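Letters A, B, ... mirror the listed sequences (proteins, then strands); counts begin at 1. Hydrogens, waters and symmetry mates are skipped; everything else that's a heavy atom, side chains included, is used. What you see is a predicted model, and the numbers here were worked out from it, not measured in a lab.
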Amino acid sequence: MESLAERLFPGVTETPEQIIARYPKRNLPEGAAVTRFAPSPTGFMHLGNLYGAIVDERLAHRSGGVFMLRIEDTDLKRSVNKGVEKIISTLGRFGLCFDEGVTRDGERGNYGPYRQRQREKIYKVFAKALFEAGRAYPCFATEEELKEMRERQKAVKDNPGYYGKYAIWRDADEERILKALDEGRPYVIRFRSQGDPSRKIIHNDLIRGRMEIPENNNDFVLLKSDGIPTYHFAHVVDDTLMGTTHVVRDESWLPTLPWHLEMFAAMKELFGWKPPKYIHTAQLLKLDNGKKRKLSKRKDPELALDYYGAEGYPEQSLVEYLMTVLNSNYEEWRAANPDADQRDFPFSIKKMSAAGALFDMDKLIDVSKNLIARMGADEVYSSLYAWANAYDPEFFALLDADPDYARAILGIGRGGKKPRKDLAVWKDAKPYMAFFYDELFAPEYVYPENMPGEDILAVLKVYAGIYDTSDDSAAWFDKIKTLSARLGYAPETKLYKAAPEAYKGHVGDVSMVLRVAVTGRQNSPDLYEVMRLLGKDKILKRLEKAADQLER
RNA sequence: GGCCCGAUGGUCAAGCGGCUAAGACACCGCCCUUUCACGGCGGUAACGGGGGUUCGAUUCCCCCUCGGGUCACCA
């Protein structure tokens, strides 16, 4: 004769002890943290994912522990083809690599399977054990019934949930259950709570410290009607079997923490299980109409990590920025160790804030500018090259056609004690470099207002005759000074300032004419360097073009 | 609405009973400078309110307020 447990959990042949034996205690040094990144394979990777993953990775790798990837695919609606591939490659770009768990072509490690769908039988074994211990029961309530119930609760201002008198299947006798089973009605397995919200439990969170939270009294779902566990149950089972020591997740999990703790308490009685350490992280917020709110997938493109790739933020910029949010002393450390590897920073949970942080794009841009300013021209070129290859074919073609030229352009003002910081993202490079390429050269001839047209024309014409590629920067500038003086402009700015009435303007004005003619705009990096790179032919053509424009 | 979390300048934040309340970003001014970028110097700007505890509270406790989160067979 088949028992009720066997009918409720068909196909369960193993015992909990057999399974537990397959997941031995890990052999790791004292204090080593085992963490896991456990996303649903939605294919959507966002800032919060990265934020949490950095914490997981740092904790594991700084302690000589293990960083694993577990895929929480218990909800089919959230699964997407290639989702896993996307997760691994995205995190990989940010320098986060897993030691264990799901991989591109399978999985690695002795604590798998690491995809929850493939662990179905394991969960059932433990659910069955809970049932047999009186800590779980089947519930045949339909969705409509539950919905109705919630409405009733709302109407009488009771707390929503499946508890107390609302737990209609909690005390069903075997006869009733068998009848429902015979009728083939779908059912879920619920946890039988013994909690009382008027009592408090003490929880020590690694970020928030000591917390007092009411006990749970909800008979929440362990196994859904398709036999797949909810997140809550899977969390308890997996993180125990896999030996997770630290669970990092965002604070929106705090409200269900009492559920998890009560499950652990039940599992402790049965199998001696203990909960991991919890790290409930603050959320990244955004200011919207003067109000803070959680970043939203629909409304905020900057939530998606793909956004930063397309804009051309170096991956490391985002990591650096997130580190400054994660550990308040990171900036100080970075200032003292400008060239150190970010991984050498003594990351600490103690330095993490419990309060939510507004995502600060200005700060990210600043961080990114500094990061790019520290790179050499070759590194800038190769990163820019890769970015353009993916996002800007026209620009890519130019970069590809003459790598040395591009590298030389990017090398202007780079490498010294006070490097230029023109670039925050790779997208900035095209407008910054555009005038170096005839294909992109789109001049706007705006000359100093104090200069009459004939003087401008004279500068353009005369200079065309005296520019010499072999001049060094001093000789080059001397020529401009001499030209200035000849036309009635002060050869030194100081002279002009001392006696403005004696001159029509100063050498800066004359330089500006040349700059505008050659670069097509009023701002540029060092004009001497610019001209050297452009070469005499281009310079002469551009001077001529500018003169033509003026004469017309 | 119940429950939970949080609260120092516009933003991120240091502070952990006694300070002229750091620093960074942003903003403004000056200097440097042939433009820009960089750099230097300086400036505006904060402990949400009320009660306690204490010789003394930004710091500890309570209440209020405000902000956020969460109340699924989603994670």
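- Across all strands, A:D526 comes closer than 4.0 Å to base atoms (heavy-atom distances).
- The CZ atom of A:F220 sits 14 Å away from the P atom of B:A72 (whole-angstrom rounding).
- Looking at heavy-atom distances under 4.0 Å, A:T493 makes contact with sugar-phosphate atoms alone, never a base.
- Rounded to a whole Å, the CG atom of A:L410 is 15 Å from the C1' atom of B:A37.
- As judged by a 4.0 angstrom heavy-atom cut-off over every strand, A:D360 is placed among the base-contacting residues.
- Pair assignment for B:A22 gives none, since no Watson-Crick or G-U wobble pairing has each distance under 3.5 Å.
- If you check every strand for non-hydrogen atoms under 4.0 Å, A:K157 touches nothing.
- Comparing B:C25 with B:U70, their P atoms are spaced 33 Å from each other, to the whole Å.
- Contact annotation for A:V221: backbone-only contact, meaning every heavy-atom pair under 4.0 Å involves sugar-phosphate atoms and none involves a base.
- Within 4.0 Å of A:Q522, counting heavy atoms only, lies at least one base atom of the nucleic acid.
- Stacking between A:F477 and B:U34 is shown: the ring centroid lies under 5.5 Å from the centre of the six-membered base ring, and the planes differ by under 30°.
- In this entry B:C66 has B:G6 as its Watson-Crick or G-U wobble partner, both defining distances falling under 3.5 Å.
- Proximity of A:K224 to the phosphate of B:A75: a side-chain N or O atom is located under 4.0 Å from OP1 or OP2.
- Not less than 6.0 angstrom separates the ring centroid of A:Y489 from the ring centroid of A:Y503.
- Rounding to whole angstrom units, CZ of residue A:R210 and P of B:C60 are separated by 15 Å.
- A donor-acceptor pair shorter than 3.5 Å cannot be found between the side chains of A:N450 and A:K504.
- A straight line from CH2 of A:W333 to C1' of B:A24 spans 16 Å, rounded to a whole angstrom.
- Note on A:A155: nothing from the nucleic acid sits closer than 4.0 angstrom, heavy atoms only.
- Residues A:Y123 and A:D238 bring a donor and an acceptor atom of their side chains to less than 3.5 Å of each other.
- Taking atom CG on A:N159 and atom P on B:C71, their separation rounds to 14 Å, with Å as the unit.
- Remark: the A:R420 side chain and the B:C36 base include a donor-acceptor N/O pair separated by less than 3.5 Å.
- Defined by atom type and a distance below 3.5 Å, a donor-acceptor pair is missing between the side-chain atoms of A:D471 and A:Y528.
- Between A:K369 atom NZ and B:A37 atom P the separation is 9 Å, expressed in whole Å.
- Nearest nucleotide to the A:L146 side chain, out of B:C73, B:G1, B:A13: B:C73.
- Side-chain N/O atoms of A:S328 include one lying less than 4.0 angstrom from OP1 or OP2 on B:A14.
- One donor-acceptor pair, N or O on each side, does fall under 3.5 Å between the base of B:U34 and the side chain of A:R515.
- Residue side chain A:S225 reaches the base of B:C73 through a donor-acceptor N/O pair under 3.5 Å, judged by distance alone.
- The residue A:R521 sits apart from the nucleic acid: no heavy atom pair falls under 4.0 Å.
- Checked against B:C5, B:A75, B:G69, the side chain of A:K294 finds its nearest nucleotide in B:G69.
- In the set B:U70, B:G68, B:C73, B:C73 carries the atom at the smallest distance from any side-chain atom of A:R150.
- Between the side chain of A:R78 and the base of B:C74, a donor-acceptor pair under 3.5 Å is found.
- Between A:K200 and B:C4 there is a side-chain polar atom (N or O) within less than 4.0 angstrom of OP1 or OP2.
- Under the 6.0 Å cut-off for aromatic ring centres, A:W169 and A:F140 qualify, their centroids lying closer than that.
- Among the atoms of the strands shown, base atoms are found under 4.0 Å from some heavy atom of A:W476.
- Ranked by how close their nearest RNA chain B nucleotide is to the 5' end, A:M512 and A:D250 are led by A:M512.
- Because its NZ or CZ atom is not both nearer than 6.0 Å to the ring centre of A:F435 and within 45° of the ring axis, A:R521 does not count as a cation-pi partner of that residue.
- Sequence order on RNA chain B of the closest nucleotides to A:H506 and A:N218 puts A:H506 first from the 5' end.
- A:T256 comes within contact range of no nucleotide atom at all, as no heavy-atom separation falls under 4.0 Å.
- The phosphate of B:A72 has neither OP1 nor OP2 within less than 4.0 Å of any side-chain N or O from A:T230.
- Distance from the side chain of A:K292 is smallest for B:G68 among the nucleotides B:G68, B:C71, B:A26.
- The pair A:K224-A:D226 does not count as a salt bridge, with every side-chain nitrogen at least 4.0 angstrom from each carboxylate oxygen.
- Using a 4.0 Å heavy-atom distance criterion, A:Q283 is classed as a sugar-phosphate-only contact.
- Using a 4.0 Å cut-off between a side-chain N of Lys or Arg and a carboxylate O of Asp or Glu, A:K147 and A:E143 do not qualify as a salt bridge.
- When each of B:A75, B:G23, B:C4 is scored by its nearest atom to the side-chain atoms of A:E331, the top-ranked nucleotide is B:G23.
- When the C1' atom is compared between B:G10 and B:G52, the two are found 33 Å apart, to the nearest whole Å.
- The distance between atom CZ of A:R374 and atom C1' of B:C38, rounded to the nearest whole Å, is 15 Å.
- In this structure, a donor-acceptor pair under 3.5 Å is present between the side chains of A:E320 and A:Y330.
- Across all strands shown, B:A37 forms no Watson-Crick or G-U wobble pair with both distances under 3.5 Å.
- Separation of the P atoms belonging to B:A57 and B:G18 is 12 Å when rounded to the nearest angstrom.
- One interatomic measurement links the two molecules: CG of A:L222 to C1' of B:C73, which rounds to 12 Å at whole-angstrom precision.
- Counting non-hydrogen atoms under 4.0 angstrom, A:R190 reaches the backbone sugars and phosphates but no base.
- OP1 and OP2 of B:A14 both lie 4.0 Å or more from every side-chain N or O belonging to A:K351.
- In terms of phosphate contacts, A:K421 brings a side-chain nitrogen or oxygen within less than 4.0 Å of OP1 or OP2 of B:G39.
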